[in-house]
Participant: 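Got a structure here, written out as structure tokens. Questions coming.
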Amino acid sequence: MAEKLIIQGNSKEELYQTLFPQLVSLMEDESDTIANMANISACLWETFRFWWVGFYRVVQDELVLGPFQGPLACTRIRKGRGVCGTAWERRETVIVPDVELFPGHIACSSASRSEIVVPVFNGDEVVAVLDIDSEHLATFDETDKLWLERIAALFARN
Ligand code: SME
């Protein structure tokens, strides 16, 4: 495993380009899903200093809080609820430029202003979601979607 995360690049695209191969090699060396979720949360947080980065795992009929970096978060989310439950139900990434305008948004922290949630698939099944919150409006765009979906896809073999 890499001893230290290399953070290099000026643009978001460059940062993801530097980060991605490091996450690939991190996950090649470790097959435990929880351990990988923990390190991916840490690496995304360290690279981008997002307000909150973490995973919710599908456990029976709910999402249950998994490894994360950031402040205290709500522990259980039902399918179709909030941004996380919506991404799970729709089986697609949801980008929310302003959380106040998203009906049913679950405010774990009042500092969160925008959010992206990416489903994690194992085969055809959604097994988790990757949730990232920003304290700024409209932080996330198609670049984040593309790279975070690539990162989420690394779990497919776990
Ligand atoms: N805002 C999320 C809840 C999880 S927290 O942001 C960590 C939602 O609406 O599903």
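When reading the values below, keep in mind they use all heavy atoms of this one structure, side chains included, and skip hydrogens, waters and symmetry mates.
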Participant: If you count heavy atoms of other groups shown closer than 6.0 angstrom to CD of Gln8, is the number above 12?
Facilitator: no

Participant: Check Leu154 against Met27 and note the closest heavy-atom contact, atom names and distance.
Facilitator: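 Smallest interatomic distance, heavy atoms only, reads O-CE, 3.4 Å.
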
Participant: Counting C-beta onward and ignoring hydrogens, is there a side-chain heavy-atom pair between Ile34 and Arg57 closer than 4.5 Å?
Facilitator: yes

Participant: State, without any angle test, whether Trp51 and Ser109 hold a side-chain donor-acceptor pair at a distance under 3.5 Å.
Facilitator: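 Per modelled atom types, Trp51 and Ser109 side chains form a pair under 3.5 Å.
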
Participant: Got a salt bridge between Glu62 and Arg78, using NZ or NE/NH1/NH2 to carboxylate O under 4.0 Å?
Facilitator: yes

Participant: Take atom CG in Leu101; do more than 12 heavy atoms of anything else shown fall under 6.0 Å from it?
Facilitator: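 Yes, enclosed.
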
Participant: Keeping Gln22 on the side-chain end and Thr18 on the backbone end, is there a donor-acceptor pair under 3.5 Å?
Facilitator: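 Answer holds: yes.
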
Participant: Can you check whether Val96 reaches His105 side chain to side chain, under 4.5 Å on heavy atoms?
Facilitator: no

Participant: Measure the spacing between CD1 of Ile95 and CD of Glu92 and express it to the nearest 0.5 Å.
Facilitator: 10.5 Å

Participant: Any chain of hydrophobic side-chain contacts (each under 4.5 Å) joining Leu146 to Ile151?
Facilitator: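 In one cluster: yes.
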
Participant: Looking only at heavy atoms, which two atoms of Val99 and Ser112 are closest? And how far apart?
Facilitator: CG2-O, 3.3 Å

Participant: So how far is it from Ile7 CD1 to Leu19 CG, rounded to the nearest 0.5 Å?
Facilitator: 8.5 Å

Participant: Leu15, Ile6: one ILVMFWY side-chain cluster at the under-4.5 Å cut-off?
Facilitator: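 Each belongs to a different hydrophobic cluster.
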
Participant: Given the rule in the side-chain contact (heavy atoms from CB on, under 4.5 Å) test, do Leu148 and Thr93 qualify, once you have shown the distances and angles that lead to the verdict?
Facilitator: CA-CA 9 Å; Leu148 295 172; Thr93 297; over 6 Å; no

Participant: How long is the gap from CG on Asn122 to OG1 on Thr33, to the nearest 0.5 Å?
Facilitator: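 It comes to 8.0 Å.
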
Participant: Please check this pair: side chain of Arg91 against backbone of Asp124, looking for a donor-acceptor N/O pair closer than 3.5 Å.
Facilitator: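 Yes, Arg91 side chain to Asp124 backbone: donor-acceptor pair under 3.5 Å.
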
Participant: How close do Leu130 and Val120 get, heavy atom to heavy atom, and via which atoms?
Facilitator: N-CG2, 4.2 Å

Participant: Write down the atom of Ser114, the atom of Thr139, and the distance for their closest heavy-atom approach.
Facilitator: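 Scanning both residues, the minimum pair turns out to be OG-N, 3.2 Å.
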
Participant: Fit a plane to each ring of Phe140 and Phe50, take the angle between them on a 0 to 90° scale, and name the class: parallel (under 30°), tilted (30 to 60°) or perpendicular (over 60°).
Facilitator: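 Aromatic pair Phe140/Phe50 classed tilted.
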
Participant: For the CG atom of Asn10 and the CD atom of Glu14, what is their distance to the nearest 0.5 Å?
Facilitator: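 Output value for this atom pair is 5.5 Å.
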
Participant: As a quick check of understanding, evaluate side-chain contact (heavy atoms from CB on, under 4.5 Å) for Thr75 and Val64, giving each step before the final call.
Facilitator: CA-CA 6 Å; Thr75 54; Val64 180; 5.6 Å; no

Participant: Out of curiosity, does Leu26 fall in the hydrophobic cluster containing Val24 (side-chain heavy atoms, cut-off under 4.5 Å, transitive links)?
Facilitator: yes

Participant: Quick one, Val126 with Phe121, criterion side-chain contact (heavy atoms from CB on, under 4.5 Å). Give me CA distance, side-chain angles, the key distance, then yes/no.
Facilitator: CA-CA 4 Å; Val126 178; Phe121 287 91; 3.6 Å; yes

Participant: Nearest 0.5 Å please: distance from the CG atom of Leu23 over to the OG1 atom of Thr47.
Facilitator: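 Answer rounded to 0.5 Å: 7.5 Å.
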
Participant: Would Phe155 and Phe20 show up in the same hydrophobic cluster when neighbours are defined by side-chain heavy atoms closer than 4.5 Å?
Facilitator: yes

Participant: Between Trp52 and Glu115, is any side-chain donor less than 3.5 angstrom from a side-chain acceptor?
Facilitator: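 The criterion, which ignores hydrogens and geometry beyond distance, is not satisfied for Glu115 and Trp52.
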
Participant: With a 4.5 Å cut-off on side-chain heavy atoms, are Ile106 and Cys84 touching?
Facilitator: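 The answer is no; the side chains never approach within 4.5 Å.
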
Participant: Would you name the heavy atoms of Phe55 and Ile40 that are closest together and state the gap between them?
Facilitator: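 In this case the closest contact between Phe55 and Ile40 is CZ-CG2, 3.9 Å.
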
Participant: How close do Pro119 and Ala87 get, counting heavy atoms only, and between which atoms?
Facilitator: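 So the two residues come closest at CG-O, 4.1 Å.
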
Participant: In chain order, what residues pass the ring-ring contact (aromatic ring centres under 6.0 Å, His included) check against Phe102, with sequence neighbours excluded?
Facilitator: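 Partners of Phe102 under the ring-ring contact (aromatic ring centres under 6.0 Å, His included) test: none.
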
Participant: Classify the angle between the aromatic ring planes of Trp147 and Tyr16 as parallel (below 30°), tilted (30 to 60°) or perpendicular (above 60°).
Facilitator: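 The arrangement is parallel - the two ring planes meet at less than 30°.
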
Participant: Nearest 0.5 Å please: distance from the CZ atom of Arg76 over to the CZ atom of Arg81.
Facilitator: 15.0 Å

Participant: Do side-chain atoms of Asn36 reach the backbone of Glu30 as a donor and acceptor pair under 3.5 angstrom?
Facilitator: yes

